[in-house]
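Letters A, B, ... mirror the listed sequences (proteins, then strands); counts begin at 1. Owing to the predicted nature of the structure, the values given are computational and were not obtained by experimental measurement.
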Amino acid sequence: MPELPEVETIARTLEPQVRERVIRAAHVLLPKTMAVGQELFSAVFPARVVGVRRRAKLLLVDIAADGQKTPTHLLAFHLKMTGKLFVHDAATSPHKHTRVMFDLAPEGDIPESRLFFDDVRTFGYCRLMRPEDLDSWPFWANLGPEPLTLTPAEFSRALGTRRGGIKSLLLDQKVIAGIGNIYVDEACFRSGIHPLTGADRLSDLQRAALLQSIQDVLTESIAECGSSIRDYRDANGDAGAFQNLFRVYGRAGQPCMICGTMLEKIIAAARTTVFCPCCQQGS
DNA sequence: AGATCTACCTGGTTGC
DNA sequence: TGCAACCAGGTAGATC
C-alpha cells in the first residue's frame with residue numbers, strides 16, 4: 001500500500017533509471033488508468049524526462065517536449081494500493097496487470113527500454129498534464145502540507161478546531177498529505193494517543209508528540225525503503241524492510257511491545273485499526 | 001460544514 | 001478439491 005515512504009522510495013529508485021531518457025510513445029492498455037491527458041500524447045511525445053519527484057502519495061515525472069530544458073508537461077501517478085513502476089528491456093511484453101507502458105529511446109550505452117505501470121486492482125491512475133493545470137486539479141489544489149517539514153504550530157493549525165477522531169483527520173489528505181492506514185496506527189501508538197480521540201481534545205503537548213511520531217515513523221520507514229505488505233516493491237524490484245519494525249499494524253492479538261497488554265483491533269475511519277488499550281487511552 | 005459511510009477493484013486467504 | 005465469503009485500503013461522492 002504505497003504511502004509517503006513507499007512513494008518516496010519509488011521516486012528515488014526510479015529517477016536514475018529514467019532521468020534524461022526520451023519517452024518516444026505511450027501505450028494505454030486500460031483506458032480508465034489514463035483517463036486524463038491521453039489526447040495530448042501526439043503533441044507531447046517524444047519528450048525527455050527531466051526529473052522524478054513526490055508530493056503526498058503522488059509520484060510526478062517531469063518531462064520536456066521539443067528539446068526544451070524546463071518541463072513542459074508532467075506525468076502524475078497515483079499508485080493507490082497496488083500500482084507499481086518498473087523499467088524493463090524493450091522486448092518485455094505487457095502482462096495481465098500492465099495498464100500503461102512508455103517506450104524509452106536508447107541513450108548512450110543504455111539500450112531501448114520500457115517503463116511499465118502495473119496495477120492489479122486498477123485503482124491507480126496516471127495523468128498527463130501541463131504544470132499550469134495542476135492548480136485546477138482539485139485533488140492537487142486541496143492537498144494538505146507535507147508532514148516531514150511541518151512545524152508543531154503548522155501541524156496544530158492544520159488540525160484546526162475539528163472534532164473528528166484523530167485517525168480520520170490524519171488519513172484526510174486535505175489535512176495532512178501522505179499518511180495512510182499503516183503509518184497513522186504506528187504514529188498514534190508511538191505518541192500514546194487513542195486513534196478515536198477527538199482532535200480538539202489533544203493538548204499542545206500531545207499534538208507535538210504526535211507530529212514527532214509521524215515524522216519518526218516516516219523517516220525511519222524511508223531509511224528502510226518503505227514497508228512491504230504483500231507485494232509492494234520499489235522501482236528496482238526490491239522489497240522494503242520497515243514492516244519488520246511495525247509495533248501495532250498487523251499485530252492485533254499479540255502483546256504490546258511496551259506493556260504486554262494484548263493489542264486490540266477496531267474499525268476506525270472505516271479502516272482496520274490496531275492499538276494498545278493500555279498505552280493509548282483517552283478516546 | 002464536517003463527519004461518516006459506501007463504491008470501486010482483484011487476488012489471496014479462510015472456512016465449509 | 002471446489003467454491004463462496006471475506007478482507008485489504010485511498011479517494012470520490014453521497015448522505016446525514
| query | Any idea which of B:dC8, B:dA3, C:dA8 is nearest the A:T272 side chain? | reply | C:dA8
| message | Applying salt bridge (charged side-chain N to carboxylate O under 4.0 Å, His left out), can you list everything that pairs with A:D119, at least two apart in sequence or on another chain? | response | none
| note | Per-helix bend value, the helix from B:dG2-C:dC16 to B:dC16-C:dG2, C1' rotation axes over five pairs per end, 10° rounding, shows 50°
| message | In terms of relative ring orientation, are A:F102 and A:F45 parallel, tilted or perpendicular, with 30° and 60° separating the classes? | response | perpendicular
| task | Kindly write out the residues that satisfy ring pair (Phe, Tyr, Trp, His ring centres under 6.0 Å) with A:H27, not counting sequence neighbours, or none if the list is empty. | result | none
| said: Need to verify one output field. Residue with the more 5' nearest nucleotide on DNA chain B, A:M81 or A:R162? | reply: A:R162
| Got a sec, which residues hit side-chain hydrogen bond (donor to acceptor under 3.5 Å, both in side chains) with A:D216, two or more places apart in sequence or on another chain? | A:Q212
| task | With sequence neighbours excluded, give me every salt bridge (charged side-chain N to carboxylate O under 4.0 Å, His left out) pair touching residues 141-150 of chain A. | result | A:R54-A:E146, A:R55-A:E146
| task | List in chain and number order the residues that pass side-chain hydrogen bond (donor to acceptor under 3.5 Å, both in side chains) with A:K96, two or more places apart in sequence or in another chain; answer none if no residue qualifies. | result | none
| field | Nucleotide nearest A:S168 (side chain, heavy atoms from C-beta), chosen from B:dC8, B:dA3, B:dT4 | value | B:dT4
| Residue list, ring pair (Phe, Tyr, Trp, His ring centres under 6.0 Å) with A:F246, at least two apart or on another chain | A:F242, A:Y249
| request: Measure the distance from CG on A:D118 to C1' on B:dT10 and round it to the nearest whole Å. | output: 14 Å
| request: Apply side chain to side chain donor-acceptor pair (under 3.5 Å) to A:S113 and A:D89, showing your working. | output: CA-CA 4 Å; A:S113 41; A:D89 64 63; over 6 Å; no
| field | Interatomic distance, A:K167 NZ vs B:dT4 P [rounded to whole Å] | value | 13 Å
| said: Restricting to ring pair (Phe, Tyr, Trp, His ring centres under 6.0 Å), what partner residues turn up for A:F117, sequence neighbours left out? | reply: A:F77
| message | Whole angstroms only, please: what is the NE2-P distance between A:H97 and B:dT10? | response | 10 Å
| task | List the protein contact pattern of nucleotides 11-16 of chain C with one symbol per nucleotide (5' to 3'): B for base contact, S for sugar-phosphate-only contact, - for none; contact means a heavy-atom distance under 4.0 Å. | result | BS----
| task | Hey, could you give me each pair passing salt bridge (charged side-chain N to carboxylate O under 4.0 Å, His left out) that has a residue in residues 157-172 of chain A? Not counting sequence neighbours. | result | A:R162-A:D172, A:K167-A:D185, A:D172-A:K174
| query | Under a 4.0 Å heavy-atom cut-off, which of residues 236-254 of chain A touch DNA chain B? | reply | none
| remark: Rounded to whole Å, the NZ-C1' distance (A:K84 to B:dT10) equals 12 Å
| note | Hits for ring pair (Phe, Tyr, Trp, His ring centres under 6.0 Å) against A:F155, two or more places apart or cross-chain, chain-then-number order -> none
| query | Given atom CG of A:D119 and atom C1' of C:dG10, what is their separation to the nearest angstrom? | reply | 12 Å
| said: Same cluster or not: A:Y232 versus A:L245, using hydrophobic residues (I, L, V, M, F, W, Y) connected whenever any side-chain heavy atoms lie under 4.5 Å apart? | reply: no
| task | Please tell me which of the listed nucleotides, C:dA8, B:dT6, C:dG10, lies nearest to the side chain of A:R121? | result | C:dA8
| Counting side-chain heavy atoms from CB outward, which of B:dT10, C:dG10, C:dA8 is closest to A:N181? | C:dG10
| Starting at CG of A:L30 and ending at C1' of B:dC9, how long is that distance when rounded to a whole Å? | 11 Å
| Tell me: CD1 of A:I182 to C1' of C:dG9, nearest whole Å? | 10 Å
| Over how many whole Å does the gap from A:K96 atom NZ to B:dC9 atom P extend? | 17 Å
